[in-house]
Number of protein chains: 2
Amino acid sequence: MLSPADRALAALLPAGVLRDPGPAYTEEPRGRWQGQAGLVAAPRDTYECAAIIRACAAARVAVVPRGGGTGLVGGQVMPDGPAPLVLSLERLTAIRDLFPDEGVMIADAGVTLQAARQAAADVGRQFPLSLASQGTAQIGGVLSTNAGGVNVLRYGNARALCLGIEAVLPSGEVMRDLKRLRKDNTGYDLRDLLIGAEGTLGIITAASLVLAPVPAETGVAMLVVDSPKAALSLLSLAQARMAGGVTAFELISGQSLHFLDAAFPDMRQPFADRPDWLVLIEVGLPAGLPADAALEGLFIAGSEAGLVHDGVIAQSGQQAAGLWALREHIPLANRHVGAIASHDISLPLSRVAGFIDDAGAMLAGFGDMRVNCFGHLGDGNLHYNLFPAPGRTRDDYVDIRRDLSRRIHEMVVAQGGSFSAEHGVGRLKAADLARWADPVRLAAMRAIKGALDPLGIMNPGAVLA
Amino acid sequence: MLSPADRALAALLPAGVLRDPGPAYTEEPRGRWQGQAGLVAAPRDTYECAAIIRACAAARVAVVPRGGGTGLVGGQVMPDGPAPLVLSLERLTAIRDLFPDEGVMIADAGVTLQAARQAAADVGRQFPLSLASQGTAQIGGVLSTNAGGVNVLRYGNARALCLGIEAVLPSGEVMRDLKRLRKDNTGYDLRDLLIGAEGTLGIITAASLVLAPVPAETGVAMLVVDSPKAALSLLSLAQARMAGGVTAFELISGQSLHFLDAAFPDMRQPFADRPDWLVLIEVGLPAGLPADAALEGLFIAGSEAGLVHDGVIAQSGQQAAGLWALREHIPLANRHVGAIASHDISLPLSRVAGFIDDAGAMLAGFGDMRVNCFGHLGDGNLHYNLFPAPGRTRDDYVDIRRDLSRRIHEMVVAQGGSFSAEHGVGRLKAADLARWADPVRLAAMRAIKGALDPLGIMNPGAVLA
């Protein structure tokens with residue numbers, strides 16, 4: 001039964017856009033919030049999307065844009081205030097155009113990341129953004145959150161892979177800027193402003209995306225190192241040798257391996273002794289340089305420099321997939337244990353090792369717990385997650401949870417780091433942004449929000465609290 | 001002798017910032033405009049820069065920021081209206097910090113591009129932005145104009161090489177965002193908004209810049225192709241083989257070679273017969289893959305595919321520099337002839353060859369002239385310049401000059417291209433932007449300008465006419 005206000009709004013919408021407001025439109029993956037939806041509308045094209053925004057503006061109803069709903073900071077759910085209209089991009093699923101020779105694809109916002117990757121592969125190219133949630137996450141969402149993933153080191157985050165966008169602005173007008181150009185210096189960079197704005201400045205309805213060539217040679221290795229510091233020295237060595245060919249450089253902790261053992265006992269691990277630190281390195285190399293030879297050269301150079309103690313180089317695509325599977329199952333293994341608190345942080349590369357030491361020492365003062373520190377070391381981006389000591393549960397830590405996160409974020413910010421490297425701000429970290437962002441930058445953000453969305457209807461409460 | 005208004009403003013400025021307003025502060029390299037300067041102020045630090053902006057805001061005097069003054073679209077000179085204060089960044093010349101292990105440098109806005117490149121080289125890294133004017137152009141200017149150059153294909157333009165900025169906003173407040181992070185998703189991307197805004201939204205006073213590893217192997221070749229279409233096929237082939245290792249891919253026309261002959265008769269050219277089309281290709285490759293072997297492999301594959309007819313591969317750094325010198329002297333050779341009109345355009349890669357054909361046919365209808373089409377083909381960015389037929393002068397074309405440019409820009413825009421690929425908008429192309437930009441995008445630009453610079457003091461007339 002619709003409220004009178006929702007009934008009035010529904011009358012303003014294009015015919016046929018309303019959907020039944022089920023839980024799929026109001027949930028987020030970690031279950032932190034229950035969102036609300038007065039109405040759920042799913043436009044069939046950009047014009048309908050614009051008409052919905054205009055109707056919401058006229059009715060002064062907030063709009064919460066929704067892609068795949070996989071975001072981890074609550075940008076896709078509005079738990080408080082008058083119930084919003086949830087605008088789902090699920091019906092905008094066309095790959096509008098593919099230009100393999102140009103290395104460009106134009107995709108609707110509702111295309112899943114996996115479908116976009118497949119479309120690229122089908123024409124002999126790659127769309128190099130890769131995330132655990134790619135089967136569900138949608139192009140509009142990964143752009144709106146400037147998503148990262150495992151190949152940022154080589155290919156950049158979502159922002160770096162987008163040449164142009166089409167978007168509905170809060171006024172309900174359509175901005176058409178689906179350029180396929182590598183260079184275009186004609187005015188302010190509104191594309192990059194909307195990318196990462198988490199739906200608070202408009203709704204991206206389509207994007208012009210970079211398709212990269214597939215490297216002639218690819219390879220994967222897993223190398224044992226003594227410490228994060230050694231891992232970072234190995235990264236420098238690898239980058240000096242590989243000329244930009246390092247496509248992923250992931251840190252895995254001994255704690256990760258133990259959690260994998262517990263959650264996935266049948267999963268084969270390459271090192272019987274579960275080393276304290278591993279790196280997973282992936283390379284993409286030119287024709288004429290076999291990847292296993294290049295990785296072997298790195299292994300030897302790393303060993304001679306005292307950085308690498310053991311290692312495996314995948315001898316087949318299947319072996320490479322097996323090594324990647326270990327990395328990709330870490331978040332699932334973590335969920336199996338149940339985290340006290342998770343942190344998606346980044347640091348200047350030269351501060352990473354010191355931070356890991358200092359944070360460990362700080363946490364020791366809070367009593368027994370386990371730390372699983374892993375992630376995109378090549379980008380200085382760590383997932384720094386805390387777990388109960390064996391035999392205890394996360395409930396035992398409920399009183400100190402906020403304090404722990406606060407202290408970790410303080411240490412990160414003091415080192416010039418970020419309290420949200422790749423997940424965004426959403427609603428979970430809006431207070432953190434207000435606390436830690438440069439006040440002049442924050443004021444400029446508010447001025448821009450006010451200028452583009454004077455009614456404040458676009459995803460209110462996200463990013464800017 | 002200062003006017004009363006300038007005297008009043010001067011009294012508000014920090015002591016010691018005023019400079020003698022000589023022609024060096026009011027000229028631009030092509031001599032299209034004569035700028036004005038009521039006062040010239042050169043702050044010694046960011047605080048003084050902020051104080052100057054606050055004084056100008058109080059006095060309602062326009063500010064024209066000035067870096068090296070090498071811009072080609074008049075962004076650095078204000079010829080009309082009340083005389084502005086020219087704010088020169090020339091005294092902000094510190095490399096504040098170098099982090100070779102991180103691949104980061106923090107440089108003041110007034111550091112020349114060449115000094116920044118040298119500082120990177122001194123620590124075994126590279127700052128890969130490279131322009132003809134790098135001895136004079138300054139970091140603040142190259143960021144404010146999002147400068148391009150010859151290595152955009154591999155390393156991106158200025159925007160892609162900047163991790164963070166410090167800037168004085170039009171309010172006179174200092175935004176501090178000199179992050180050294182590869183990943184940071186905490187709010188709107190104001191960095192990329194100020195980059196490319198040409199001083200109309202604030203003044204970049206310092207930047208955190210990416211220093212890339214120097215590739216283990218580098219090489220240069222010059223290859224003869226039949227046509228721009230063949231050059232583009234060769235580009236695809238090269239990118240498929242080199243896994244991102246193509247660092248430059250420049251098109252050179254037979255007309256370029258003839259102009260070089262006329263202007264620099266002593267300069268050695270590798271092909272006696274002056275081919276119609278050449279490409280200059282530069283690669284940066286991993287250890288273990290000698291560049292000359294990789295380029296030879298490309299030459300053979302290109303020949304087998306019928307794309308390449310002749311070529312030279314540099315056998316030494318000196319030979320490589322000689323090939324690059326040919327490319328770099330083309331603008332000077334052009335100046336020697338005197339262009340009727342120049343165009344800094346970009347096109348979707350698959351439209352480049354067709355555009356060159358169609359534009360040539362269109363120009364034939366305007367009578368005899370010579371076209372020199374050259375530039376950053378790998379980025380789809382051409383410098384498409386028109387010259388008088390032999391025996392005629394540019395004055396003979398004065399009546400059709402505007403029409404010619406208009407027609408070329410129309411053709412470019414119709415193909416989804418840009419009328420300013422790397423030079424920016426400035427004052428020269430502000431009317432073009434107003435004509436061709438998506439109106440919704442343009443309105444959003446104006447809204448942002450109004451929100452951040454409500455008094456309209458920052459470089460008025462540039463970008464937004």
Side-chain angles (χ1 to χ4, degrees), chain A residues 99 101-102 146 148 169 173 175-177 180-190 192-193 196-197 213 215-216 236 239-245 284-289 294 297 346 348-350 379-381 416 418 420-422 424-425 433 437-438 440-441 444-445 447-448 451-452 463, chain B residues 99 101-102 146 148 169 173 175-177 180-190 192-193 196-197 213 215-216 236 239-245 284-289 294 297 346 348-350 379-381 416 418 420-422 424-425 433 437-438 440-441 444-445 447-448 451-452 463:
Chain A
F99 303 92
D101 292 345
E102 291 180 14
N146 188 30
L169 299 191
E173 294 171 299
M175 180 175 87
R176 292 170 207 286
D177 201 31
R180 286 145 46 201
L181 304 174
R182 256 65 181 184
K183 274 177 160 175
D184 175 34
N185 275 347
T186 56
Y188 303 163
D189 186 1
L190 297 187
D192 287 329
L193 187 65
S236 283
Q239 288 186 307
R241 294 175 66 89
M242 301 288 183
L285 299 170
L289 182 61
S346 64
L349 280 181
S350 67
D379 313 314
N381 176 196
S418 171
S420 189
E422 60 176 6
V425 176
L433 183 68
D438 175 75
V440 176
R441 177 166 170 260
M445 286 173 55
I448 289 169
L452 296 184
V463 186
Chain B
F99 304 91
D101 292 346
E102 291 180 16
N146 188 31
L169 299 190
E173 295 172 298
M175 181 175 87
R176 292 170 208 287
D177 202 29
R180 286 143 48 200
L181 304 173
R182 257 63 182 187
K183 274 178 161 175
D184 175 34
N185 276 347
T186 55
Y188 303 163
D189 186 1
L190 298 186
D192 287 330
L193 187 65
S236 283
Q239 289 186 307
R241 294 176 66 90
M242 301 288 182
L285 299 170
L289 183 60
S346 65
L349 280 181
S350 68
D379 312 313
N381 175 197
S418 171
S420 188
E422 59 176 7
V425 176
L433 182 68
D438 175 74
V440 176
R441 178 168 169 259
M445 286 174 55
I448 289 168
L452 296 185
V463 185

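All of these numbers come straight from a predicted model, not from anything done at the bench. Labels below follow one simple rule: chain letters A, B, ... track the order of the sequence lines, proteins then strands, and each chain is numbered from 1.
The minimum heavy-atom distance between L433(A) and T186(B), with the atom names listed, is CD1-O, 3.4 Å. Closest heavy-atom contact between D101(A) and L349(B): O-CD1, 4.4 Å. G187(B) and R441(A) make their closest contact through C-NH2, 3.6 Å (heavy atoms, listed as atom of the first residue, atom of the second, distance). Closest approach of G284(A) and A243(B) over heavy atoms only: O-CB, 3.9 Å. Of all heavy-atom pairs between R180(A) and S350(B), the closest is NH2-OG, 3.8 Å. Residues A444(A) and L169(B) share a closest heavy-atom pair of CB-CD1, 3.9 Å.
Only the side chain of N381(A) comes within contact range of chain B, with at least one heavy atom under 4.5 Å from a heavy atom of that chain. Only the side chain of S236(A) comes within contact range of chain B, judged by heavy atoms closer than 4.5 Å. Contacts between A294(A) and chain B at a heavy-atom distance below 4.5 Å are absent for every atom of the residue. For V463(B), the part lying near chain A is the side chain, with the backbone staying farther off; criterion is any non-hydrogen pair under 4.5 Å. Both the backbone and the side chain of L285(B) come within contact range of chain A, judged by heavy atoms closer than 4.5 Å. Residue D192(B) touches chain A through both its backbone and its side chain, counting heavy-atom pairs closer than 4.5 Å. When heavy atoms are compared at a cutoff of 4.5 Å, A421(B) approaches chain A by way of both its backbone and its side chain. Residue P286(B) touches chain A through both its backbone and its side chain, counting heavy-atom pairs closer than 4.5 Å.
In this structure, OG on S346(B) lies 4.0 Å from CG on L181(A), to the nearest 0.5 angstrom.
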Practice prompt. Using the side chain to side chain contact (heavy atoms under 4.5 Å, CB included) rule, take L190(B) and I448(A) through it: C-alpha gap first, then chi angles, then the decisive distance, then the call.
Written response: CA-CA 10 Å; L190(B) 298 186; I448(A) 289 169; 3.4 Å; yes
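The candidate from E173(B), M242(B), Q239(B), M175(B) with the greatest count of non-hydrogen atom pairs under 4.5 Å with chain A is M175(B). With chain A as the partner, the residue from G297(B), S420(B), A447(B), G196(B) showing the most heavy-atom pairs under 4.5 Å is S420(B). Residue with the most contacts toward chain B among A437(A), A197(A), A216(A), P348(A): P348(A) (heavy-atom pairs, distance under 4.5 Å). Contact tally against chain B (heavy-atom pairs below 4.5 Å) for G424(A), G245(A), P215(A): the top residue is G424(A).
Residues D438(A) and D177(B) fail the side-chain proximity criterion, which asks for heavy atoms closer than 4.5 Å.
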